[in-house]
There are 2 protein chains.
Amino acid sequence: MKTLNELSNELKKNNIRLTHQRLKVLEYLSNSKNHPTVEQIYNALKKEVPSLSKTTIYNTLKYLAELSLIQVLAIDENEAHFDAATETHGHFKCSTCDKIYDFDIDMDSCETEELDNFEINEKLVYFKGICPRCLSK
Amino acid sequence: MKTLNELSNELKKNNIRLTHQRLKVLEYLSNSKNHPTVEQIYNALKKEVPSLSKTTIYNTLKYLAELSLIQVLAIDENEAHFDAATETHGHFKCSTCDKIYDFDIDMDSCETEELDNFEINEKLVYFKGICPRCLSK
DNA sequence: AACCCTAATTGTAATCATTCTTATTTTGTA
DNA sequence: TACAAAATAAGAATGATTACAATTAGGGTT
């Protein structure tokens, strides 16, 4: 996970201004552990930044994703989730409680040579099932 | 990949009728290699089954997915793709031409014990980047 | 074969996340 | 302070998917 300073520098390098709104979105995402949606970011920040619009959040997240500074998770079929951690890792979604868990995964050890001539920019691993908490109920 | 007969039996076992429309959707999906969307299935079948509605296709695919007889791919951000192959394998989407490639992957060799107490029902692996064909242009 | 009951199909309307548009505001710079 | 470029905000538009209600088809029984 990058620090806010590092993120800020990355943005500057790409001629993207670190505005007040963008800083708040970045801050919130960096501090959150639960892969928030746009809706959740919006609800969390609108007290602090009453003028904030969802368009700005979408906009900010789009830039960050294009620069690979955040990950967009499509594990949930009807809403995108966002993750400030950019190291390759897996995501497990519990079908019962909908919670998304992180887990480590070593992609290099299971790759085939089939993709030798492909340029790979992003690796996403999604598991679905039931989490221990829900299993024990 | 299962045969149509096997699929038909699986449906019967779960009290889901193999109607004319469902048979056609199954047939089309089983024979197609390119992970079609609902739109593509609809366009391909409406000549043969003029009364076919998209709702029926959505409906059929939902049942098949619930029974794990097909895979739903969320690799494309705005439209779901469907795959008749149910063995765990990876999908690579080219960001340039949007083509989706299959590739083999050995998930067991890269799993951690972190998920030992989780019930895992589905494993999805999505890679994104540029395919050789587009790279060579 | 006719009947019945249930499930499936169809077409349309509703939903809802995301994107587009445009006017206004803010930012960085001179 | 003033200017030009970029960002923001609000609402409208888009488009895939789902919900709904009326009609139709299927399977079992006599």
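Since the structure is predicted, the reported quantities are computational estimates derived from the model, not experimental observations. In what follows, chains carry the letters A, B, and so on, assigned in the order in which the sequence lines appear, proteins first and then strands, with residues in each chain numbered from 1.
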State whether B:S53 places a side-chain N or O below 4.0 Å from either non-bridging phosphate oxygen (OP1 or OP2) of C:dT9. no
To the nearest angstrom, the CG-P distance between A:L61 and C:dA17 comes to 15 Å
How many Å lie between CD1 on B:I41 and P on C:dT9, as a whole number? 14 Å
Only counting residues at least two apart or in another chain, list the ones meeting ring pair (Phe, Tyr, Trp, His ring centres under 6.0 Å) with A:H89. A:H91
Ring pair (Phe, Tyr, Trp, His ring centres under 6.0 Å) with A:Y42: which residues, sequence neighbours excluded? none
I need the CD-C1' distance between A:E77 and C:dT15, as an integer number of Å. 16 Å
Under 4.0 Å, counting only non-hydrogen atoms across every strand here, what does A:S51 touch: a base, just sugar-phosphate, or nothing? sugar-phosphate
salt_bridge(A:K93, A:E77) N-O dist < 4.0 Å: yes
Using whole Å, what does the distance between atom P of nucleotide D:dT8 and atom CG of A:L45 come to? 13 Å
Integer-rounded Å distance: D:dG27 P and B:R22 CZ: 11 Å
Closest non-hydrogen atom pair between A:I70 and A:A84, with its separation: CG2-CA, 4.3 Å
When all nucleic acid strands are considered with a 4.0 Å heavy-atom cut-off, which category describes A:Q21: base, sugar-phosphate, or nothing? sugar-phosphate
Between B:I130 and B:C134, which heavy-atom pair has the shortest distance, and what is it? CG2-CB, 3.7 Å
For A:P50 and for A:N15, locate the closest nucleotide of DNA chain D by heavy-atom distance; then report the residue assigned to the nucleotide nearer the 5' terminus. A:N15
Ring centroids only, cut at 6.0 angstrom: are A:F118 and B:Y101 within range, meaning strictly under it? yes
Based on the rotation axes of five pairs at each end, what angle does the helix from C:dA1-D:dT30 to C:dA30-D:dT1 bend through, to 10°? 30°
Length of the OH-C1' vector between A:Y63 and D:dT8, whole Å: 12 Å
Tabulate atom names and distances for all N/O pairs under 3.5 angstrom spanning the protein and nucleotides 13-17 of chain D.
unit_1 : atom_1 : unit_2 : atom_2 : d
D:dT17 : OP1    : B:A80  : N      : 3.0
D:dT17 : OP2    : B:Y58  : OH     : 2.7
D:dT17 : O5'    : B:Y58  : OH     : 3.3

Quick one: are B:L124 and B:Y126 in side-chain contact, heavy atoms under 4.5 Å? yes
Nearest-Å distance, NZ (B:K24) to P (C:dT9)? 14 Å
Tell me, please, which residues at least two apart from A:Y63 pass ring pair (Phe, Tyr, Trp, His ring centres under 6.0 Å). none
Do B:T56 side-chain atoms and B:L52 backbone N/O form a donor-acceptor pair below 3.5 Å? no
Report yes or no: does A:H81 contribute a side-chain atom to a donor-acceptor pair with the main-chain N or O of A:H35 at less than 3.5 Å? yes
d(A:L23 CG, A:Y28 OH) to nearest 0.5 Å is 15.0 Å
Is it the case that the ring center of A:F127 lies less than 6.0 angstrom away from the ring center of A:F103? yes
N/O-N/O pairs, protein side and nucleotides 19-26 of chain D side, under 3.5 Å:
unit_1 : atom_1 : unit_2 : atom_2 : d
D:dA19 : N6     : B:T55  : OG1    : 3.4

Between P on D:dA7 and CG on A:L11, what's the gap in Å once rounded to a whole number? 10 Å
